[in-house]
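Encoded as structure tokens, the structure appears first; notes follow it.
Positions are given from 1, in the same order as the sequence printed here.
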Amino acid sequence: MKTQIFIAALFFSGFAFAQEKKSDSVKTKKIEEVVLTKQVFKKQSDRFVYDVAASPVTKGNTTFDLLRQTPLLSTTDDKTLKIVGKNNALIYINGRKTNMDAESVTQFLKNTPAENIQKIEVITVPGSEFQVESSDGIINIILKKKMSDGLNGNMRMSNSQNKYNGSSASFSANYRKDKLGVSANLYGGDNIQAQHYVLRNGNDLSSNESTGNIDDPNQYIGGYLNFDYQLTEKSNLALSWNSSANKSYNSTVNLFNTIRSFNEKTNAFDTYYTNSKNKEDARSYNNSVNLNYELKTDSLGSKLNVNAAYLNYKRFQFTDNKTFLADPSGNNTGLIPTQTITQNLPQIINNFSSTVDYIQKFKNDFTVAIGGNFNKTKTDNDTKNNTFKEGEPTEFAPNHFIYDENIYGAYLTLEKKFSDKLSGKIGTRYEITNSLGTSDNATKEYRKIERNYNNLLPYLSVNYAINDKNNISYAFSSRMRRPSFWELNPVRNILTETNYTQNNPFVKASSTYNQELTYMFKNSYFLILNHSYFKDQITQVPLQGYAKSMDGKITEQNVLRYIRTNFGNKQEMSAMLGMNKTFFNQYLTMNFNVGVQHNVNNGSLSVDPTNGDIFLDKEGKQIVYSNNIKSTSILIQTNNTIRLDKKKTWFLGVNYFFVDKQQIELGMLKNLSSLDVSLKKNWNDWTFALNLTDVLRTNIVEIEDYQANGNYNYVRNDQFRRGGTFSITYNFGNQKVKKVRDIEGASDAIKTRTR
């Protein structure tokens, strides 16, 4: 509550200031009307550019709302963004990677007003100069900055209602005085993330079903502060600081479990019931600072770019997992739990990274880029697991796991414009990775895990403009996918007594090979063909049955472990046909994509790679989990903005996506869809917006998997995505803006590899 009160004070103080700047606002409206007619979506040599500076979609919306309506981008969980045909999308701000964990990035995007955005660049196949992993694409958000001296900004307050109520507020400001430019953002809020689970697994002889709710309350605050100073006409110095904090106390899991097993003596099933009552207290802190120096070396655009960055990430998590005997109605049969497991799961990450890039441009449209990077990361995970069972000795299982990783990289890129029609780019990146994981309380073979590997990663792209209306391009890249730091932390995240996830310090990096062919017509219609091949794919694999240790003992019965590991190879192929166009004198702006995706899975696992356990069925036969299934699915996405009046003050938004069922590593993911509707009113410098999400309540995850050995696994996860958000946004000050200078930061993979 204190966060909202503080930002509300800024909100109304900004309102008072803005009354003195009314004349500038009037001028801005005239500028907006001119720019609106020139809004474009175009293909450049290695990226798609979406110019949104004066689009009616931006005003009153958040950056996340804007991105989900950008061509080629989509989200199915309202948290993560995907580029068509890609596994993941990395968020860059003004050419710099955001060194924030995934949760902080989501809150940042949902609390940064879209009015701050100049344009969005979607880089589907990043070149060698970018340090990215796997088939990751890049979303580069170019922010606005002031063109003249003075101050401007905006403030936003919103309230959301899903299963529970949540609120948020944000304040953004831009200031320029002579050679100094300053931009800042502050946001905060609270919500309760609710989920309902149905979990079923087993076979003909035994089964386990768990149903219930997870409620995760969150209070968060964060923001950024950027300084950009022009040292000389050719050099600039920039300093940026990003910070976020999240508190999630009294997060609860309440699951009712039904366990059935066949009794050969009675020739019938025995059934008993338990309740899993889990409570978690967690908090996290993320702070990163980046120092950037840029020197222009000639009039052609050649420049030197030097960056140094530091990241400190801390997460503290304590869980209390209790299992009670229960009756068929779900009532506890006694005050004493049958089992209690307490876990202390801290994670501390420190990362230092630096990059040096030099771009030399020549008069004959030839460009040479060369550079290098260094990343040093240390993670400290001092975990403690304690198990208390009624009538049995207490089991203590501490584990202090420390992971050190050094990455050295260098790249060379050559880019040439052969004519007005033909251009090409070729490059390569060489990376050396040295890592060492140590554990002070494990068996001998698990106390020291060392990984050293070198990779040569080529890149090629060709762009051919057939004429003014037709453009075709091709790109190829090779990348590595390193495991996230939390995936390497050898801990169990317990859901029920017999159902948990298991991280794995032995996960090794996987390789990815990406190809993309793009055809674009009139900068409005496009066809994209993708192919990605993943070697040693990193994923979760469910192993279930009777766990038998290496010494021949049965350690767990009817257990289901979701184990993080390398799971064979995988191919993803997709074809996407899209359009971004305005109709009826700009009364309708439509972004429409339709495509098909084909997945080929090829993996199997029979042994728990973390401890050597094998899994047996009731007859004592070893169980092998395999996934060699192919699937083809249809994807449809359309985002539509309808102007309701001549004065351009009322707008209706209608957005819809449909993802057909498809085979993933855990099984068959059933189809997902969502219909979202929004209504927006612009009134002077104010914007009032109402957004309704998942109106038909069809965005619910269901996964089912049936193995040849008779085992089955079913997951239904409802995150209550149907809801509404009402927001008020106010813009103040001198609204004259221009694009900030593009700053390429000390790029590292830290953002996607933290929890």
Side-chain angles (χ1 to χ4, degrees), residues 192-201 208-218 247-259 272-284 315-327 330-347 381-399 401 441 486-487 489-504 540 542-544 547 555-564 608 610-611 613 713 715 717 755:
I192 300 177
Q193 298 176 4
Q195 300 182 66
H196 181 269
Y197 268 102
V198 178
L199 307 170
R200 301 191 190 107
N201 62 82
N208 185 5
E209 178 179 278
S210 301
T211 61
N213 296 304
I214 298 177
D215 292 332
D216 183 18
N218 289 272
K247 179 182 178 182
S248 175
Y249 279 13
N250 199 31
S251 177
T252 58
V253 177
N254 294 293
L255 296 176
F256 175 61
N257 312 302
T258 303
I259 299 97
Y272 74 97
Y273 309 93
T274 63
N275 280 320
S276 296
K277 304 286 186 180
N278 302 346
K279 177 184 175 183
E280 177 183 285
D281 290 337
R283 64 187 192 278
S284 61
R315 177 177 171 84
F316 303 99
Q317 179 183 359
F318 179 81
T319 64
D320 183 35
N321 311 279
K322 290 182 170 63
T323 303
F324 297 85
L325 292 175
D327 61 25
N331 302 310
N332 294 340
T333 57
L335 297 178
I336 301 176
T338 59
Q339 177 174 278
T340 299
I341 301 175
T342 62
Q343 294 182 297
N344 191 5
L345 308 172
Q347 183 173 54
N381 311 274
D382 192 4
T383 64
K384 295 178 176 62
N385 289 357
N386 300 322
T387 303
F388 310 90
K389 290 186 178 180
E390 185 179 357
E392 296 183 15
T394 302
E395 298 178 9
F396 299 99
N399 184 45
F401 181 71
N441 188 25
W486 62 269
E487 292 176 306
N489 186 13
V491 299
R492 292 178 177 179
N493 293 286
I494 298 171
L495 192 60
T496 70
E497 184 179 5
T498 59
N499 192 326
Y500 53 83
T501 62
Q502 173 71 58
N503 294 337
N504 180 6
Q540 276 187 342
L543 283 180
Q544 63 188 83
T555 58
E556 291 178 297
Q557 299 183 9
N558 296 325
V559 67
L560 173 59
R561 298 180 192 171
Y562 289 94
I563 303 171
R564 187 72 55 175
D608 186 334
T610 65
N611 58 13
D613 284 359
N713 186 25
V715 177
N717 179 217
R755 189 175 183 86

Do the side-chain N and O atoms of [X] and [Y] include a donor-acceptor pair separated by under 3.5 angstrom?
X      : Y      : value
Asn321 : Tyr500 : no
Thr258 : Glu209 : no
Asn503 : Asn489 : no
Thr274 : Asn257 : yes

Between [atom1] of [X] and [atom2] of [Y], what distance do you get to the nearest 0.5 Å?
X      : Y      : atom1 : atom2 : result
Asn208 : Ile259 : CG    : CD1   : 5.0 Å
Asp281 : Phe316 : CG    : CZ    : 13.5 Å
Leu543 : Tyr562 : CG    : OH    : 11.0 Å
Ile494 : Thr323 : CD1   : OG1   : 8.5 Å
Asn385 : Asn399 : CG    : CG    : 8.5 Å
Ser210 : Arg200 : OG    : CZ    : 10.5 Å

Output all residues satisfying salt bridge (charged side-chain N to carboxylate O under 4.0 Å, His left out) with [X], sequence neighbours left out; order by chain, then residue number.
X      : value
Asp320 : Lys322
Arg283 : none
Asp382 : Lys384
Lys277 : none

Measure across [X] and [Y] and return the closest heavy-atom pair with its distance rounded to 0.1 Å.
X      : Y      : answer
Asn499 : Asn201 : ND2-ND2, 4.1 Å
Gly212 : His196 : O-CD2, 3.3 Å
Pro346 : Asn344 : CD-O, 3.3 Å

Test log, rule side chain to side chain contact (heavy atoms under 4.5 Å, CB included), inputs Tyr197 and Ile214: CA-CA 8 Å; Tyr197 268 102; Ile214 298 177; 3.4 Å; yes
Check against side chain to side chain contact (heavy atoms under 4.5 Å, CB included), Leu560 and Asn713: CA-CA 9 Å; Leu560 173 59; Asn713 186 25; 3.8 Å; yes
Indicate yes or no: at least one non-hydrogen side-chain atom of [X] is less than 4.5 angstrom from one of [Y].
X      : Y      : answer
Gln339 : Thr387 : yes
Asn504 : Glu487 : no
Asn254 : Asn213 : no

Derivation and outcome, side chain to side chain contact (heavy atoms under 4.5 Å, CB included), residues Gln195 and Asn717: CA-CA 7 Å; Gln195 300 182 66; Asn717 179 217; 3.1 Å; yes
Under 3.5 Å donor-acceptor, Asn381 side chain and Phe401 backbone: yes
All side-chain contact (heavy atoms from CB on, under 4.5 Å) counterparts of Ser251, not counting sequence neighbours: Asp216, Pro217, Ser248, Glu280
Candidates Asn331, Asn332, Thr333 - the one meeting side-chain hydrogen bond (donor to acceptor under 3.5 Å, both in side chains) with Asn275: Asn332
Residue among Thr498, Thr501, Asp608, Thr610 satisfying side-chain hydrogen bond (donor to acceptor under 3.5 Å, both in side chains) with Arg561: Asp608
Neighbour count above 12 (heavy atom, 6.0 Å) for Tyr272 OH: no
With sequence neighbours excluded, residues passing ring-ring contact (aromatic ring centres under 6.0 Å, His included) with Tyr273: Phe256
Derivation of the side chain to side chain contact (heavy atoms under 4.5 Å, CB included) call for Val491 and Trp486: CA-CA 9 Å; Val491 299; Trp486 62 269; over 6 Å; no
